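Take a look at the following structure, please.
Whatever order the structure lists them in is the order used to number ligands and atoms, beginning at 1. Source: prediction; values computed, not measured.
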Amino acid sequence: MSITVFSHPSCMQHQVTEIHPEEPARLSAINDQIIRSGLELAITQRDGQQATKEQLYHAHDADYVNDIFARAPQEDHIWLDPDTLMTPGSLNAALYAVGCGISAVDEVMQGANPRAFCAVRPPGHHACYDKAMGFCIFNNIAVAATHALHAHQLERVAIVDFDVHHGNGTEDIFTNDERVLLCSSFQHPFYPDTGADTISPHIINSPMPAGTGGTEWRAEVENRWLPALDHFEPQLIFVSAGFDGHAEDDMGNFNLREEDYHWFAKQMKTLAERHCDGRVVAMLEGGYDHSSLGRSVVAFIKGLI
Ligand SMILES: [Zn+2]
């Protein structure tokens with residue numbers, strides 16, 4: 001079985017200032033590596049759909065969504081928080097970033113291709129119920145998960161997040177929703193300084209110190225995440241796939257490598273085959289060093305195939 005890679009040209013149209021790390025070239029780097037690695041022949045590439053306001057309302061405050069639509073600039077740019085800006089292409093990019101996750105859920109639920117990877121931007125996992133944050137406008141993976149719960153009547157979905165930053169927005173959205181098992185590993189202390197104190201039966205946070213490498217990180221996943229995921233028996237596994245924990249990525253101070261992401265993808269594939277007919281939807285989050293980002297995405301996708 002193969003994998004479908006969803007993206008959309010509009011995701012390149014979220015332009016940012018010259019020094020902003022969350023730039024369109026990230027997606028080009030991924031695409032280049034997919035071609036260079038020969039992976040292009042083994043995957044199906046599709047354009048995702050544009051999300052609707054109604055789909056966003058499942059994970060976000062309606063007033064917040066409407067405010068973003070109203071404020072979207074026609075020229076120049078506005079700042080939603082100190083790190084997150086909107087330019088004329090940003091709203092459309094954000095709607096397609098969310099929409100790719102929705103398309104991916106529909107694809108894996110229909111059974112043709114049980115696994116999907118969404119190469120999208122802006123990223124999503126810092127976007128909270130009612131605010132933008134940390135490069136994120138809408139929470140892509142949270143909307144995709146609520147789409148699976150609402151449109152496909154699932155009762156249990158898992159979201160696993162290995163970005164170097166805590167998935168605080170996803171935690172904010174699902175903090176009182178036990179249909180969602182959330183696992184997040186992140187550098188601590190570090191931006192956004194959340195998650196280390198969370199106590200919840202359905203949220204497993206793994207704060208880890210700067211310098212964490214593959215051995216320690218894999219042990220954490222094996223000891224805490226895999227047993228919890230097995231016990232939860234998810235009907236679909238979502239992955240917030242952020243590659244800024246790579247040793248070559250200066251955004252964080254983890255020392256993960258391509259082989260760690262490959263290993264993780266294989267673990268999720270095995271779990272998904274055991275519990276949910278192999279269904280996995282992964283969505284790009286961080287990853288700002290273009291070379292290691294492209295190589296890591298390829299290694300991750302190969303682990304899912
Ligand atoms: Zn990150």
_Before you tell me yes or no, could you show the steps for Arg26 and Glu22 under salt bridge (Lys or Arg N to Asp or Glu O under 4.0 Å), namely the whole-Å CA-CA distance, both residues' side-chain angles and the distance that decides it to 0.1 Å?_
CA-CA 7 Å; Arg26 298 175 63 227; Glu22 202 291 285; 2.8 Å; yes
*At the Zn ion (ligand 1), what's the angle from His165 ND1 to Asp163 OD2, rounded to 10 degrees?*
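Taking the Zn ion (ligand 1) as the apex, the two atoms subtend 150°.
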_Residues in side-chain hydrogen bond (donor to acceptor under 3.5 Å, both in side chains) contact with Asn66, at least two apart in sequence or another chain_ =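 Asn66 satisfies side-chain hydrogen bond (donor to acceptor under 3.5 Å, both in side chains) with Lys53, Tyr57 only.
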*Any idea which N/O/S atom from Asp244 gets closest to the Zn ion (ligand 1)?*
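Within Asp244, restricted to N, O or S, the Zn ion (ligand 1) is closest to atom OD2.
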_Any side-chain heavy-atom pair of His246 and Asp289 under 4.5 Å_ =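 No, side chains not in contact.
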*Is Glu155 salt-bridged to Arg179, cutoff N-O under 4.0 Å?*
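So Glu155 does not pair with Arg179 through a salt bridge.
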*Indicate if the distance from the Zn ion (ligand 1) to the nearest N, O or S atom of Glu285 falls below 2.8 Å.*
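No.
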